[in-house]
S.K.: 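Sharing a structure below in C-alpha cells format, with a few things to ask.
This is a predicted model, so every value here is computed, not measured.
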Amino acid sequence: HTELGTTIMMVTHDFSEAMQVADRIIVMQQGRVVQHGTPETVFSHPETLETAQFLGYRNVFSGTISKGVFTSPAFSLTLDDTSVEGACSVAVHPSAVLLSPQTSCDESGHLHGRITALSRTLTEVFITVDCGVALEVVLSATQADVVCYILIWLSVPPSKTGGVTP
C-alpha cells in the first residue's frame, strides 16, 4: 500500500498477521472499537483485559495497585507508568517473563518458582512455573538453557506489563 499511495483495510482475527502488514490496528469487540494504534503500541499496552487475552496475555492476576506497585495474594510487581490505583487486573504476556537459575537474586521484583510443565516446538519452549500461582512463560528455543533447572527465579520488567484494568 505504501508503493500505491493508497489506504487498504484488511479484516483478520490473526493478530500476528496484522502485525506483519499493518501501520495501524483497530481492535473491535462486540461491534465497537476498544483500541487503536500502531501494532507495537496495541501489543505492548492493551487497554482492556479482553484485548490483552486476544493478544496472548495468558497470565492475568487480580490485586491492587498503590503508588505503582501491584500486589496480589501471591506476589508484588512494580509497574511502569500507570495511573491506576486500587483494585485491578494486570496481564503479563508469557514472552515478557524473564527466567534465571540464579538463587542469589535480590528478591525484590523476583519470584521464586518451580517448573511444573514444559513443551517444545522447533522455535519455542512453553513452560509453566508454580510461584504461588501458575505462570506461563514462552522462550525462544535458543534461550531454553535455563529449563535444565527445576527451581528458578522469575522477573517481569516493569515496562512489559500490559492490560492494567480497574
S.K.: Please check if the side chain of T116 supplies one atom and the backbone of T128 the other of a donor-acceptor pair under 3.5 Å.
M.R.: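 Side chain of T116 to backbone of T128, a donor-acceptor pair under 3.5 Å: yes, one is there.
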S.K.: Check the angle between the aromatic planes of F15 and F43 and answer parallel, tilted or perpendicular using the 30° and 60° thresholds.
M.R.: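 Aromatic pair F15/F43 classed parallel.
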S.K.: Measure across R58 and P94 and return the closest heavy-atom pair with its distance rounded to 0.1 Å.
M.R.: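 What the structure gives for the nearest pair is NH2-CG, 3.5 Å.
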S.K.: Checking the side chain of N59 only, and the main-chain atoms of E136 only, is there a donor and an acceptor separated by less than 3.5 Å?
M.R.: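 It does hold such a pair.
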S.K.: Can any side-chain N or O of T41 pair as donor or acceptor with the backbone N or O of G37 at less than 3.5 Å?
M.R.: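 It does not hold such a pair.
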S.K.: Working to the nearest 0.5 Å, report the span between CZ of R24 and CE of M9.
M.R.: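 Here the interatomic distance stands at 15.0 Å.
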S.K.: Spell out, yes or no, whether I115 and V133 are grouped together once hydrophobic residues are joined by side-chain heavy atoms under 4.5 Å, including indirect joins.
M.R.: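 They do share one cluster, since a chain of ILVMFWY contacts under 4.5 Å joins I115 to V133.
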S.K.: How far does CD1 of I25 sit from OG1 of T51, to the nearest 0.5 angstrom?
M.R.: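 Rounded to the nearest 0.5 Å, the CD1-OG1 separation comes to 11.0 Å.
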S.K.: At their closest point, which heavy atom of S72 faces which heavy atom of S62, and how far apart are they?
M.R.: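 Reported closest heavy-atom pair: CB-O, 3.5 Å.
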S.K.: Could you tell me how the ring of F75 sits relative to the ring of F70: parallel (under 30°), tilted (30 to 60°) or perpendicular (over 60°)?
M.R.: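 It falls in the tilted class, 30° to 60°.
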S.K.: Provide the closest heavy-atom pair for H36 versus V42 in the form atom of the first, atom of the second, distance.
M.R.: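 Closest pair (atom of H36, atom of V42, distance): C-CG2, 4.0 Å.
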S.K.: Heavy atoms only: give me the nearest A141-L122 pair and the separation to one decimal.
M.R.: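 Shortest heavy-atom separation between A141 and L122 comes out as CB-O, 3.7 Å.
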S.K.: Can you find a heavy atom in the side chain of C88 that is under 4.5 Å from one in the side chain of V90?
M.R.: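 C88 vs V90: side chains touch.
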S.K.: Does Q35 use its side chain to pair, donor to acceptor, with the backbone of M28 at less than 3.5 Å?
M.R.: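 No: the side chain of Q35 does not pair with the backbone of M28.
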S.K.: Search all heavy atoms of F126 against all heavy atoms of V138 and return the closest pair with its distance.
M.R.: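 F126 and V138 have their closest heavy atoms at CE2-CG2, 3.5 Å.
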S.K.: Consider only side-chain N and O atoms of T12 and E17, and report whether a donor and an acceptor are under 3.5 Å apart.
M.R.: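 E17 and T12 do have a side-chain donor-acceptor pair below 3.5 Å.
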S.K.: Please check this pair: side chain of D130 against backbone of G132, looking for a donor-acceptor N/O pair closer than 3.5 Å.
M.R.: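 Such a contact is found between D130 side chain and G132 backbone.
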S.K.: With rounding to the nearest 0.5 angstrom, report the NZ to OG1 distance, K67 to T78.
M.R.: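 Between atom NZ of K67 and atom OG1 of T78 there are 13.5 Å.
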S.K.: Testing V97, L98, I127 for side-chain contact (heavy atoms from CB on, under 4.5 Å) with L139, which one passes?
M.R.: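 Single pass found, and it is I127.
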S.K.: List the steps and the verdict of side-chain contact (heavy atoms from CB on, under 4.5 Å) for Q29 and T48.
M.R.: CA-CA 10 Å; Q29 292 167 346; T48 68; 3.9 Å; yes
S.K.: For E124 and S140, run side-chain contact (heavy atoms from CB on, under 4.5 Å): C-alpha distance rounded to whole Å, both residues' side-chain angles, the deciding distance at 0.1 Å, then the answer.
M.R.: CA-CA 4 Å; E124 296 175 313; S140 71; 5.7 Å; no
S.K.: Should the heavy atoms of other residues, nucleotides or ligands under 6.0 Å from CE of M10 be counted, would the total exceed 12?
M.R.: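 Buried by this count: over 12 neighbours within 6.0 Å.
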S.K.: Roughly how far apart are L49 CG and F54 CZ, rounded to 0.5 Å?
M.R.: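 L49 CG to F54 CZ: 14.0 Å, rounded to 0.5 Å.
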S.K.: Give the minimum heavy-atom separation between F61 and A134, together with the two atoms involved.
M.R.: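 Minimum heavy-atom separation between F61 and A134: CE2-O, 4.3 Å.
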